[in-house]
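Below is one structure, written out as structure tokens, with a few remarks after it.
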Amino acid sequence: MSHLDQEDSKYVKLISSDGYQFIVKREACLISGTLKNILNTSFKESETNTVKLYELDAILLSKIIEYLYYNLKYRDELTNIPEFDIPTEMALELLVAADFLDSKYNSRFRQLGSGLDALSKNYPIWGFVYSFSCLNPFIP
Amino acid sequence: MPRRNNRSSNNEVRGPNSALTAFLQEQGINANTIRERHLQRLRGEEVAEIEEEENGGNSSGVLQGLVADLEERQASREELEEEKDEDVETQEIRIASRRKRRAARRRNLGDDEDNDDLGEYTDSDDADGEYGNTPSTVKRPFQGELTNCVECKAKFKVNVYSKKFIKNGKTGYLCNDCAEEEIRKEKSKRKNEINARKKRKKMAAALLDRQDFKIPTLQDICIKLISKNIDDVEAFGDIGLINMNKIGKILSKNRSLNDKTMTLFLMSNLKELEFWDCSNIDSSSLNKIAAYCPNIEKLSLEMCGQLHNDNLEYFATNLKKLKHISLNGPFLISDSTWQSFFEKIGHNLQSFEIANTHRFLNDSLISLLENCGGENFTHLKLSRLDGLDSKVIYELLPHYLTNLQHLEISYPHKEELIDDAMLINLLSVNGESLEDLILDGCSNLTDNFLITGIKPFCSKLRKLSLGLLDQVTDNGMVQLFTDWDINDGLMYISFRRCISLTDESIAAMLKHSCLTLIELNLNSVNKITSNFWNSGFFQKNYLKLLTVLDLGFVRSCDDKVIEILNKCCPNLKILEVYGNNRCTSNAKIRNGLTVIGRQSDTFSFFNVTSKDEDSRIVTLLNVLDVNNNNNNNNNNNNNST
């Protein structure tokens with residue numbers, strides 16, 4: 001897998017807890033907030049483009065990768081999005097895994113936070129806004 | 001020009017009528033006239049004229065249909081006689097084809113609203129009308145006659161199933177291959193149309209639910225699946241509090257939170273528990289909350305109509321750490337139980353929220369104040385409590401409560417119960433710590449409490465909700481917000497249905513709080529004029545943080561206003577414009593801003609589903625009803641009964 005060595009490689013290798021390796025498009029990986037954060041840092045993972053996911057076994061990881069591609073394919077469409085099929089018995093495990101991989105809550109917070117950040121620079125007095133962030137409906 | 005047929009004018013005795021029926025009758029709109037119009041369109045004007053002459057001009061739709069039918073039948077009989085010498089087989093085919101066409105036409109005439117079964121192909125609209133009535137244009141070739149295809153010019157034999165086609169004004173028939181191609185094209189066209197409709201419908205539905213129309217996240221897919229199969233789940237495991245709350249909300253929405261499913265949420269280390277719909281949880285299961293989760297600090301039960309005296313007593317003895325409790329609709333709890341509850345647990349309590357019960361009496365409140373009042377007690381909500389009917393009791397509040405951060409007194413039993421003096425008194429004691437103040441429906445309050453209550457005392461206030469205070473005027477508002485220096489700005493404001501307010505109040509409020517405002521509700525403040533929106537204030541980005549704005553029934557809001565707000569509020573995400581019929585889809589809005597409540601959004605959706613004028617109007621009325629419910633939702637907590 002020599003092409004994985006290049007930093008801007010189009011593909012990323014994901015390794016499950018039981019040692020299975022998945023070569024996945026980088027674009028698809030970036031849908032997951034956690035993977036995006038891992039791949040965009042200066043740690044070893046981003047150099048080798050390889051991420052070890054000790055928490056996920058191969059069955060779960062393959063389902064997650066399936067979702068990433070599903071999201072990549074249909075995210076810009078408005079209609080005709082087929083249902084994403086999940087085996088019922090996997091739902092709970094997958095929910096935990098999905099929660100781990102998608103730091104959506106964080107990114108939302110950051111979005112709003114950045115707005116406030118800019119504000120507090122311009123108007124130092126509004127610093128208190130942070131302390132009231134618990135009142136904001138957009139932060140769960 | 002009112003058109004009435006004989007039947008309706010003869011009928012003098014009628015049952016009760018809806019306004020809509022009366023209106024339609026007055027305008028002369030009825031099923032017959034609509035059908036008549038449709039018929040005329042189908043047969044072409046020429047024929048209609050001839051027939052009108054024949055029938056003396058007063059032929060009803062049904063009669064016309066009958067006449068047409070008879071004519072055709074006669075014609076077919078004549079033809080049959082002529083063609084006796086032809087072989088039997090072709091005759092049969094002929095008859096079959098005619099029957100088919102007639103049936104198709106009848107279907108067309110009979111229920112012309114039946115446009116929905118688009119998947120099926122009928123050739124009624126192309127061949128039949130002209131063939132039956134205007135033989136002059138193109139004569140249908142005989143069975144097996146050779147003719148040129150209009151599309152590809154190839155010679156072919158005409159049969160019953162040949163398709164009539166008009167190209168460049170020339171009418172003719174299509175050969176088999178071209179016909180298939182044409183049918184395929186039509187089908188795909190229809191399919192596209194249906195898809196477009198589905199899309200519009202989905203988007204309109206999502207809009208009403210305030211959702212973005214996006215691809216679901218993996219979590220949401222899982223949660224949906226889990227909620228669907230909740231009966232098979234044995235335990236949640238470590239799915240996290242956020243996900244658990246989400247599942248809880250979905251179950252409540254589906255009304256499937258019951259004795260069995262509620263136990264899934266009970267864990268011994270749980271500190272916060274929220275059940276949004278307890279109406280299906282019986283009394284013994286409610287006891288389980290205290291039995292399984294003794295560490296709960298914050299408990300919130302909505303629609304808890306099954307909460308018995310015993311339950312509350314059990315909570316009081318078992319939940320030693322309970323600090324916050326919020327109950328909506330606990331109407332089985334008696335006065336004496338409330339008192340003993342506060343006596344047992346009151347010293348711990350920091351927040352108490354109650355709504356929708358008539359058994360919370362004056363003595364209950366006194367017990368609450370005596371046992372809980374003091375520095376620790378910070379949250380109080382008293383909403384829709386018809387048992388509190390003494391002004392004196394309300395006047396006790398300032399004597400016990402000194403450190404309130406959140407205060408809601410809304411929809412009192414009678415408006416006289418809450419007056420300016422009592423509230424000014426309360427604010428003078430608690431104003432320093434108060435962050436949220438909700439006084440919806442206390443319509444006895446006037447400008448006085450704004451000027452001498454809120455302005456001098458409430459320095460930390462962040463949220464102010466004054467829904468339905470019709471006695472509050474510009475004078476009070478302008479005085480409150482002008483030079484209100486001790487307050488740095490409000491974040492949530494609701495002036496819903498403060499109908500006396502005009503431009504001046506809103507301008508003063510915005511001038512004071514524009515930089516901090518996150519949510520603003522001006523629903524039904526209908527004296528706001530269009531000049532207000534055109535003022536210089538909206539030319540600059542003062543409303544930097546504003547994310548939710550409700551302008552429902554503010555009639556001066558139109559496309560132009562939407563565009564102005566679109567520009568000057570960079571963070572605006574939801575803009576509600578229910579009831580403003582000059583807001584159309586023409587307004588240009590950026591991505592990320594959702595405008596809810598425009599007629600144009602819902603009308604494109606009506607065109608798809610509704611079948612005639614009546615049902616369209618009815619659907620519109622329903623939607624308006626939904627809007628009203630939406631508008632009332634925030635404060636109108638559903639009673640559990």
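Per chain, numbering begins at 1; letters A, B, ... match sequence-line order. These numbers were taken from a predicted model, which means no experiment stands behind them.
The shortest heavy-atom contact between A/Ile86 and B/Leu225 is O-CD2, 3.6 Å. Considering every non-hydrogen atom in both A/Asp99 and B/Gln219, the closest pair reads OD1-NE2, 3.4 Å.
No more than 12 heavy atoms of other residues, nucleotides or ligands lie within 6.0 Å of CD in A/Glu27, so this atom counts as exposed by the packing criterion. Within a 6.0 Å sphere centred on NZ of B/Lys260, heavy atoms belonging to other residues, nucleotides or ligands number more than 12. Heavy atoms of other residues, nucleotides or ligands lying less than 6.0 angstrom from CG of A/Leu72 number more than 12. Applying the 6.0 Å contact sphere to CD of A/Glu45 captures more than 12 heavy atoms from other residues, nucleotides or ligands. Under a cut-off of 6.0 angstrom, the local environment of CZ in B/Phe537 is crowded, with over 12 non-hydrogen atoms contributed by other residues, nucleotides or ligands. The environment of A/Tyr20 atom OH is sparse: at most 12 non-hydrogen atoms of other residues, nucleotides or ligands sit within 6.0 angstrom.
In this structure, A/Glu89 CD and B/Asp232 CG are separated by 11.0 Å, a value rounded to the nearest 0.5 Å.
Both the backbone and the side chain of A/Phe84 come within contact range of chain B, judged by heavy atoms closer than 4.5 Å.
Options B/Cys222, B/Gly240, B/Gly237 differ in how many heavy-atom pairs under 4.5 Å they form with chain A, and the most are formed by B/Cys222.
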Subject >> side-chain contact (heavy atoms from CB on, under 4.5 Å) between A/Leu95 and B/Ile226, intermediate numbers included >> reply: CA-CA 9 Å; A/Leu95 177 59; B/Ile226 294 169; 3.7 Å; yes
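Using a 4.5 Å heavy-atom cutoff, the side chains of A/Leu92 and B/Val233 are in contact.
Residue B/Leu218 is tested with A/Ile31, A/Asn71, A/Leu68, A/Leu94 for a side chain to side chain contact (heavy atoms under 4.5 Å, CB included); the sole match is A/Leu94.
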